[in-house]
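Note that these values count all heavy atoms, side chains included, but never hydrogens, waters or copies made by symmetry. Reminder, nothing fancy here: chain letters follow the sequence lines and each chain counts from 1.
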Protein chains: 2
Amino acid sequence: MVRSQAGETLTIGKLAAAAGVGVETVRFYQRNGLLAVPSRRSGIRHYGESELRRLRFIKQAQAASFTLAEIAELLELDAGEDREGARTLAKSRIEASNKKIAELERARDSLKRLARQCGEGSTGPCPILSAFEAKKPRT
Amino acid sequence: MVRSQAGETLTIGKLAAAAGVGVETVRFYQRNGLLAVPSRRSGIRHYGESELRRLRFIKQAQAASFTLAEIAELLELDAGEDREGARTLAKSRIEASNKKIAELERARDSLKRLARQCGEGSTGPCPILSAFEAKKPRT
DNA sequence: GTAAGGTCCGTACTATGGTACGGAGTCAAG
DNA sequence: CTTGACTCCGTACCATAGTACGGACCTTAC
């Protein structure tokens, strides 16, 4: 039964290439339950749109600083249609993202200070360590 | 012999506690050249303000997404008073920080969308995967 | 003067996120 | 119907950033 347009049957190599990861990475995700291992019609497994979407999702989520464990959790919530759980997880992640963003902004400002103090002509101290002592406790 | 204000002689345990890290972490940093190993007057090594500052710096820089290798580099630049190098490194890190921040913001917005779509009453699909397909190609 | 607790040091182990390797099977082209 | 590329699978290995362990030594208090 040739169900569905065969246009969607990728081998693991094609799938990996399409998602911009390595074959080994796909296999790694399979081992870790992030990606289903499709059954095979013969010796070789075939993948479709959904796996590709999933892979891309994983990449996006990683870029968002999710760990693979968290991503797995998200995917499970999705599979289980657990709206409640998904919302909760999303909210806690939003919190975490905000924290991380604030942290990075603070750090970036320290770096800016550093770059300025070590500026072109100047001959002052350029104190890398103290550049990070950001908020002097001017209690 | 009580030489000098004994205020500044910390043992490794005190140092670690003061910086909010574990003793093993201090030793790990020493092994990796991030922290000098002070000579010892007797069997036990003693630490002062500068080591504490350095440790705190490392923590700050880590929060700023520097790797330990990069932090080591920064510390060397500091020691060598290499203004040029420090400025360059700082600038490249500022770039990286901006990128990371933007990435996190995008992710956070995806999460917000997700939380909203999975909102209280609705019974639709709550599509976690598509929540991350951020920029819908509304070509 | 001894017992508790801290330090010293090397080595080993952990978790995370892959990456590499080797042998066997499979598939498509020529 | 063979060759070469690709797949399958297990196992091993890598870097990063620690954490844990065990025996020896030191220090301090009682």
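- In this structure, A/R83 contributes its side chain and A/L77 its backbone to no donor-acceptor pair below 3.5 Å.
- With rounding to whole Å, A/E73 atom CD is found 13 Å from C/dT16 atom P.
- In this structure, the NZ atom of A/K59 is 16 Å from the P atom of C/dG17, given to the nearest Å.
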> A/E103 and A/K100: salt bridge (charged side-chain N to carboxylate O under 4.0 Å, His left out), yes or no, with the steps?
Replying inline: CA-CA 5 Å; A/E103 209 161 64; A/K100 192 91 194 153; 3.7 Å; yes
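- Considering only side-chain atoms of B/E24, the nucleotide from D/dC21, C/dC8, D/dC8 that sits closest is D/dC21.
- Here B/R41 does not reach the OP1 or OP2 of D/dT27: none of its side-chain N or O atoms lies under 4.0 Å away.
- Side-chain atoms of A/T25 lie closest to C/dT19 of the nucleotides D/dC8, C/dT7, C/dT19.
- In terms of position along DNA chain D, the nucleotide closest to B/F66 lies nearer the 5' end than the nucleotide closest to the other residue of the pair B/F66 and B/I44.
- Taking atom NE2 of A/H46 as the reference point, atom P of C/dT26 lies 13 Å away to the nearest angstrom.
- Checking the phosphate oxygens (OP1, OP2) of C/dC8, no side-chain nitrogen or oxygen of B/Q30 falls inside 4.0 Å.
- The side chain of B/Y29 approaches D/dG18 more closely than any other nucleotide in the set D/dC26, D/dG18, C/dC8.
- Comparing B/S42 and B/A69 along DNA chain D, the residue whose closest nucleotide (by nearest heavy atom) sits nearer the 5' end is B/A69.
- Under the 3.5 Å distance criterion, the side-chain polar atoms of B/T88 are matched with a main-chain donor or acceptor of B/E84.
- One atom, CG of A/L15, and another, C1' of D/dT7, lie 13 Å apart when rounded to the nearest Å.
- One can place CZ of A/R27 at 12 Å from C1' of D/dT11, the figure rounded to the nearest angstrom.
- When distances are taken from the side chain of A/L68 to each of C/dG17, D/dT19, C/dC9, the shortest belongs to C/dG17.
- Nearest nucleotide to the A/I12 side chain, out of D/dT27, D/dT7, C/dT11: D/dT7.
- The structure places CD1 of A/I71 at 12.0 Å from NZ of A/K59, a figure rounded to the nearest 0.5 Å.
- Of the candidate nucleotides C/dC8, D/dG18, D/dC9, C/dC8 has the atom lying nearest to any side-chain atom of B/R45.
- In this structure, A/R40 reaches the sugar-phosphate backbone alone: every heavy-atom distance under 4.0 Å involves primed, P, OP1 or OP2 atoms, never a base.
- Rounded to a whole Å, the CG atom of A/L34 is 11 Å from the C1' atom of C/dG17.
- Rounded to whole Å, the distance from CZ on B/F28 to P on C/dA12 is 17 Å.
- Atom pair A/R31:CZ and D/dC13:P shows a separation of 15 Å (rounding to whole Å applied).
- Without hydrogens or angle criteria, A/R31 side chain to A/V26 main chain gives no donor-acceptor distance under 3.5 Å.
- Closest approach to the B/T67 side chain among D/dT7, D/dA17, C/dC8 is made by D/dA17 (side chain taken as heavy atoms from C-beta onward).
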